[in-house]
There are 2 protein chains.
Amino acid sequence: MDREWNDSQPIYRQLRDRVVAMILDGVLKEGDSLPSVRNVAAEYRVNPLTVLKGYQELVDEGLVETRRGLGMFINAGARSMLLQGERQKFLGEEWPRIHATIQRLGLTAEELLKGATSRSSADATPSKSTEPNPSKEKG
Amino acid sequence: MDREWNDSQPIYRQLRDRVVAMILDGVLKEGDSLPSVRNVAAEYRVNPLTVLKGYQELVDEGLVETRRGLGMFINAGARSMLLQGERQKFLGEEWPRIHATIQRLGLTAEELLKGATSRSSADATPSKSTEPNPSKEKG
DNA sequence: TATACTGCTATAGTTAACTATAACACTATG
DNA sequence: CATAGTGTTATAGTTAACTATAGCAGTATA
């Protein structure tokens, strides 16, 4: 877990996404309590209200439940709901755009599957040519 | 070109990305003029200032040039600059996150990169199991 | 000169995201 | 009761994104 934020999306949403990731990864199990609003706020140096907002999204999605005075707990079935819902969202809304980008950049499956997970540098030296998609030739 | 916007990113940036896509796709060639600020603003029902802001990003990136009274024109070398820069950005910043998501959802990057293009419905029926990453077993 | 295109600036207002600070309400422990 | 942990609400301020509206400045044509 890095302590930094992406400028391309609001913090509260990134926060929500991290919890989702932790549930999917099994780091947080059903019945577990989420780290407290104040703790998270302190750890990430973020306003408690921002954390709360992220957590509330999870409540609204039915993934998490609040017990007053105790904390927030992951509901039973949260993970399978997530697996289904997030898959659908990803395949339907995100992947098409991503795939289009990949093709536009002339990147190959090989290229992407090579270093993939742990890599965060990037050589930008694809195996093909410099002319990726000479298909459309508008007049 | 659809006339709609994504809530996950500011309009001016999406606008910039569309022009970039058109350059990469060869729809807009070097030397060509961009559609005018006012035209785009009218067509997409968006404020001219928002369009201008998107265009200015392109100018700042050195992809586009302004000729007062005439319009904005795509610079020579814009496409190869883009191919290099966007590849690097994608491989270094976006793909690692995307790949992590794919794995979390129990999907395989291979499969997505193979078929995928024209699909936008989403079945949520991956070839593996329903338990994607049972690696971590926190106490 | 006038007309009609360009990019661009100026002014001003709305909304969403985020912030700081404080206090309230509930639960468990002592 | 007090204490210390939860989530939650209230108040108020900053910033970025977007909007509406108007006008300036340059270019080309007539």
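Naming: A, B, ... by sequence-line order, numbering from 1 per chain. Computed from a prediction, not measured in an experiment: that's the story for all the values here. Just so it is clear, the values below take in all heavy atoms, side chains as well, and ignore hydrogens, waters and symmetry mates.
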- Under 4.0 angstrom, heavy atoms only, what part of the nucleic acid is B/Ile11 near: base, sugar-phosphate, or nothing? sugar-phosphate
- Write down the distance between CD (B/Glu57) and C1' (D/dA17), rounded to a whole number of angstrom. 12 Å
- D/dT19 C1' sits how many Å from B/Tyr44 OH, rounded? 19 Å
- Message: Return whichever of A/Arg67 or A/Val46 has its heavy-atom-nearest nucleotide of DNA chain C closer to the 5' end.
- Response: A/Val46
- Quick one: is D/dA17 close enough that its OP1 or OP2 comes under 4.0 Å of any side-chain N or O from B/Gln9? no
- Task: Report which part of the nucleic acid B/Ser36 touches: base, sugar-phosphate, or nothing (heavy-atom distance under 4.0 Å, all strands).
- Result: sugar-phosphate
- Message: Once you apply a heavy-atom cut-off of 4.0 Å, does A/Glu65 come out as touching a base, just sugar-phosphate, or nothing?
- Response: nothing
- Let me know the distance between CZ of B/Arg68 and C1' of D/dA25, rounded to the nearest Å. 5 Å
- Output yes when at least one side-chain N/O atom of B/Lys53 is less than 4.0 Å from OP1 or OP2 of D/dC18, else no. no
- Task: Nearest whole angstrom, please: distance from the P of D/dG26 to the CZ of B/Phe73.
- Result: 17 Å
- Message: If you compare every side-chain N and O of A/Ser33 against the phosphate oxygens of D/dT6 (OP1, OP2), does one of them come in below 4.0 Å?
- Response: no
- Working for salt bridge (Lys or Arg N to Asp or Glu O under 4.0 Å), residues A/Glu30 and A/Arg79: CA-CA 8 Å; A/Glu30 310 183 351; A/Arg79 182 150 128 184; over 6 Å; no
- Item | Phosphate-side-chain proximity, B/Thr66 and C/dC8, N/O vs OP1/OP2 below 4.0 Å | yes
- Task: Give B/Asn39 one of three labels, base, sugar-phosphate or nothing, depending on what nucleic acid heavy atoms sit under 4.0 Å from its own.
- Result: sugar-phosphate
- Query: Quick one: OG1 on A/Thr101 to CG on B/Asp17, what's the gap to the nearest 0.5 Å?
  - Reply: 8.0 Å
- Any A/Tyr12 side-chain N or O less than 4.0 Å from OP1/OP2 of C/dA17: yes
- Message: Measuring from atom CD1 of B/Ile23 to atom CE of B/Met81, what distance do you get when rounded to the nearest 0.5 angstrom?
- Response: 9.5 Å
- Within this structure, what is the CG-to-P distance between A/Leu15 and C/dA17, rounded to whole angstrom? 14 Å
- Within-4.5 Å side-chain heavy-atom neighbours: B/Leu113 and A/Ile102: yes
- Message: Tell me the interatomic distance from A/Leu49, atom CG, to C/dA20, atom C1', rounded to whole angstroms.
- Response: 9 Å
- Task: Pick base, sugar-phosphate or nothing for B/Arg38, based on heavy-atom distances below 4.0 Å to the nucleic acid.
- Result: base
- Within 45° cone and under 6.0 Å: A/Arg18 NZ/CZ vs A/Trp5 ring: yes
- Message: Between C1' on C/dT6 and CG on B/Leu70, what's the gap in Å once rounded to a whole number?
- Response: 7 Å
- Quick one: A/Arg13 CZ to C/dA16 P, roughly how many Å, whole number? 14 Å
